[in-house]
Amino acid sequence: MKKVAFYTLGCKLNFSETSTISRQFEEKGFQKVDFQENPDIFIINTCSVTENADKKCKKIVKEAKKISPDSYVAIIGCYAQLKPREISEIEGVDAVLGAAEKFRLIELLDDFAKEQETKVLASEIQEARSFNNAYSINDRTRTFLKVQDGCNYGCAFCTIPLARGKSRSNTIESVLESAREIAATDVKEIVLTGVNIGDFGIVDGKRIERFADLVFALDEVEGIDRFRISSIEPNLLTNEIISFVAQSKRFVPHFHIPLQSGSNTILRRMGRRYLRELYEDRVSKIKTLMPHACIGVDVIVGFPGETDELFLETYNFLNDLDISYLHVFTYSERANTRATDMDGVVPMKKRNERSKMLRILSEKKRRKFYEENIGKTFTVLFEEDIENGKMHGFTENYIRVAAKYDPMLVNELKLVTLDHINESGNVEVLEPEMTYEKH
């Protein structure tokens, strides 16, 4: 029985796909093991959004060959689609598979027999037309369920359409089937994931369904306590969806909404499909209906043309918005994107300074959000995440909670009262004996 290990870089979507591919291996009789357990095969799922994708890929390959010198190493994922030839030259790599090939790994790699030349199996991205269902399981308390892939947007900074192809989706019926399968494994929370999930509903190039209808249908699935929307574009987050989540049985009051810039000038240069006024309106609508809702924001600093004044527009816009935390990305040039040809390049030192400013703002926003919720009662899904005798979990509105360890609480939903913020920045709850089960 050959042993196989997996390593995933990047997003929740990558995690869901790695997990599904690992189940394919187990079904074929392979033994899934940890990275350090001398595997015969390493499958490395790469990301192109993270900086230094090449360095990260090389480092993981090097570590793999240290652990198991005679192992077979296959590279998949976004970076593999964008730079297959470059990856094939990394010492120790046996195969590189693109977006259209990665779910056919076992079929395409001939029993993982090593050859003199590195195998490169990466079609042009136009060939990635089918939707491959995927979800993570047994990896975490929550499951990432892929409902959509690819993107038809052409943002000036982004390589994702080049790495994953055009927007395409699962069907509502198939997603419901996966959700029911997941429910049977005692998972309590499903996170819906994709590249542009608000664009859900395109099958074979035609729109046949809507994301809102998927949300309505999932809300009726028995056996899952929580559904969380991972990230949704502001122009696709409709009033209909917000209003539904506000009174939903299972969808939690947590939205992650990419902004990228608080300056309309920069949003236009980026090729985004909205202006800041629409974003402000989305936040206002959520907070009016769900004052306790958590709102996370993606923002990019140092995009070409971002002057000090335009950056301050972003900073002040975010400072005034009723949001809960930021994911801050320092702009880095990506080959074959429109932004690389734009003037007004921002020096890297300035990009890093701006990132630091926004990360400090994020900490302030998160603390303020936590403070506003102290003394209130929420449901926490406790995880097997133990530090210094404390276990952790998240409330429905994404507050990270710490409580005294109790093995009976792992993967359980408990109503707790938030007591105070500890020195680690997490919220302590009243002791477990003062908690009571959700009915």
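No hydrogens, no waters, no symmetry mates; every other heavy atom, side chains included, goes into these values.
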Ion pair Glu17/Lys102, N-O distance below 4.0 Å: yes
- Message: Working note: Thr379 + Arg226, criterion side-chain contact (heavy atoms from CB on, under 4.5 Å); need CA distance, chi angles, decisive distance, verdict.
- Response: CA-CA 10 Å; Thr379 310; Arg226 292 177 172 180; 4.1 Å; yes
Applying salt bridge (charged side-chain N to carboxylate O under 4.0 Å, His left out) to Arg23 and not counting sequence neighbours gives none
**Residues Leu237, Phe255; criterion side-chain contact (heavy atoms from CB on, under 4.5 Å); working and verdict** = CA-CA 9 Å; Leu237 178 57; Phe255 297 88; 3.9 Å; yes
Under the criterion side-chain contact (heavy atoms from CB on, under 4.5 Å), I'd like the reasoning laid out for Leu358 against Leu318: C-alpha separation, chi angles, the key distance, then a yes or no. CA-CA 9 Å; Leu358 286 184; Leu318 289 166; 4.0 Å; yes
Per-pair distances, 0.1 Å, donor-acceptor, side chain in residues 258-271, under 3.5 Å, sequence neighbours excluded:
| unit_1 | atom_1 | unit_2 | atom_2 | d |
| --- | --- | --- | --- | --- |
| Ser261 | OG | Ser263 | N | 3.1 |
| Ser261 | OG | Thr314 | OG1 | 3.3 |
| Ser263 | OG | Thr265 | N | 3.3 |
| Ser263 | OG | Ile266 | N | 3.3 |
| Asn264 | OD1 | Arg276 | N | 2.8 |
| Asn264 | ND2 | Glu277 | OE1 | 3.1 |
| Asn264 | ND2 | Glu277 | OE2 | 3.4 |
| Arg269 | NE | Pro304 | O | 3.0 |
| Arg269 | NH2 | Pro304 | O | 3.4 |
| Arg269 | NH2 | Asp343 | O | 3.0 |
| Arg269 | NH2 | Asp343 | OD1 | 3.4 |

Could Arg168 and Asp149 be called an ion pair, given the rule that one side-chain N must be under 4.0 Å from one carboxylate O?
yes
Handout entry: Basic-acidic side-chain contact under 4.0 Å: Asp219, Arg250
Key = no
* Asked: Is there side-chain contact between Arg351 and Tyr331, with at least one heavy-atom pair below 4.5 Å?
  -> yes
Are Arg228 and Glu396 close enough for a salt bridge, meaning some N to O gap below 4.0 Å? no
| request: May I ask you to say whether Asp385 pairs ionically with Arg400, meaning some side-chain N is under 4.0 Å from a carboxylate O? | output: yes
Looking only at heavy atoms, the pair that brings Val203 and Ser169 closest together is CG2-O, 3.8 Å
Interatomic distance, CG@Asn239 vs CD1@Ile286, rounded to 0.5 Å, equals 9.5 Å
When Leu121, Ile41, Ile21 are each screened for side chain to side chain contact (heavy atoms under 4.5 Å, CB included) with Leu105, the one that passes is Ile21
By side-chain hydrogen bond (donor to acceptor under 3.5 Å, both in side chains), Glu372 pairs with (sequence neighbours left out) Lys368
Residue pairs meeting ring-ring contact (aromatic ring centres under 6.0 Å, His included), one or both in residues 147-168, sequence neighbours left out, come to none
Decide yes or no on salt bridge (charged side-chain N to carboxylate O under 4.0 Å, His left out) for Glu63 and Lys66, but give the supporting numbers first. CA-CA 5 Å; Glu63 290 302 315; Lys66 254 193 231 172; 3.3 Å; yes
Between the CG atom in Leu192 and the OG atom in Ser230, the distance rounded to the nearest 0.5 Å is 7.0 Å
CG (Leu326) and NZ (Lys364) are apart, to the nearest 0.5 Å, by 12.0 Å
Of Arg282, Arg273, Arg272, the one forming a salt bridge (Lys or Arg N to Asp or Glu O under 4.0 Å) with Glu233 is Arg272
Between the CD1 atom in Ile257 and the CG atom in Leu236, the distance rounded to the nearest 0.5 Å is 11.5 Å
Output for pair (Ile202 CD1, Asn196 CG), nearest 0.5 Å, gives 8.5 Å
task: Would you check if there is a donor-acceptor pair between the side chains of Thr340 and Arg338 at a distance under 3.5 Å?
output: no
All heavy atoms of Phe15 vs all of Phe144, minimum pair found to be CB-CD1, 4.1 Å
Aromatic centroids of Phe35 and Phe42 separated by under 6.0 Å
yes
Exercise. How about Glu86: does its CD atom have over 12 heavy atoms from other parts shown lying under 6.0 Å from it?
Worked result: yes
So the side-chain hydrogen bond (donor to acceptor under 3.5 Å, both in side chains) pairs with at least one residue in residues 284-298 (sequence neighbours excluded) are His256-Asp298
| task | Taking only Lys NZ, Arg NE, NH1 and NH2, and the carboxylate oxygens of Asp or Glu, determine whether Arg354 and Asp308 approach each other closer than 4.0 Å. | result | yes
Report task. Please determine if Arg129 and Asp204 form a salt bridge, counting it only when a charged side-chain N lies under 4.0 Å from a carboxylate O. Result -> no
**Prompt:** Can we say Asp110 and Lys119 salt-bridge, meaning some charged N sits less than 4.0 Å from an Asp/Glu carboxylate O?
**Reply:** yes
Full working for side-chain contact (heavy atoms from CB on, under 4.5 Å) between Ile360 and Lys365: CA-CA 9 Å; Ile360 292 167; Lys365 288 284 185 183; over 6 Å; no
- Is the Phe112 ring parallel, tilted or perpendicular to the Phe30 ring (thresholds 30°, 60°)? perpendicular
Interatomic distance, CZ@Phe211 vs CZ@Phe216, rounded to 0.5 Å, equals 10.0 Å
Salt bridge present between Arg210 and Glu240 (N-O < 4.0 angstrom) = yes
| query | Once the angle between the rings of Tyr398 and Phe394 is folded into 0 to 90°, is it parallel (under 30°), tilted (30 to 60°) or perpendicular (over 60°)? | reply | parallel
Pair Glu173 + Arg180, salt bridge at N-O below 4.0 Å:
yes
From the list Ile190, Val221, Val147, side chain to side chain contact (heavy atoms under 4.5 Å, CB included) partner of Val175 resolves to Val147
Residue set satisfying side-chain hydrogen bond (donor to acceptor under 3.5 Å, both in side chains) with Asp111, at least two apart, ordered chain then number -> none
Nearest heavy-atom approach of Leu145 to Ser178 is CD1-CB, 3.8 Å
- prompt: Given side chains that start at C-beta, do those of Ile60 and Leu9 come closer than 4.5 Å, heavy atoms only?
  reply: yes
Where do Glu209 and Thr171 land on the side-chain hydrogen bond (donor to acceptor under 3.5 Å, both in side chains) test, with the steps shown first? CA-CA 8 Å; Glu209 294 173 319; Thr171 63; 5.2 Å; no
For the pair Lys188 and Asp225, evaluate salt bridge (charged side-chain N to carboxylate O under 4.0 Å, His left out) and give the outcome as yes or no after the intermediate values. CA-CA 5 Å; Lys188 302 287 197 298; Asp225 289 88; 5.6 Å; no
Got a salt bridge between Arg104 and Glu107, using NZ or NE/NH1/NH2 to carboxylate O under 4.0 Å? yes
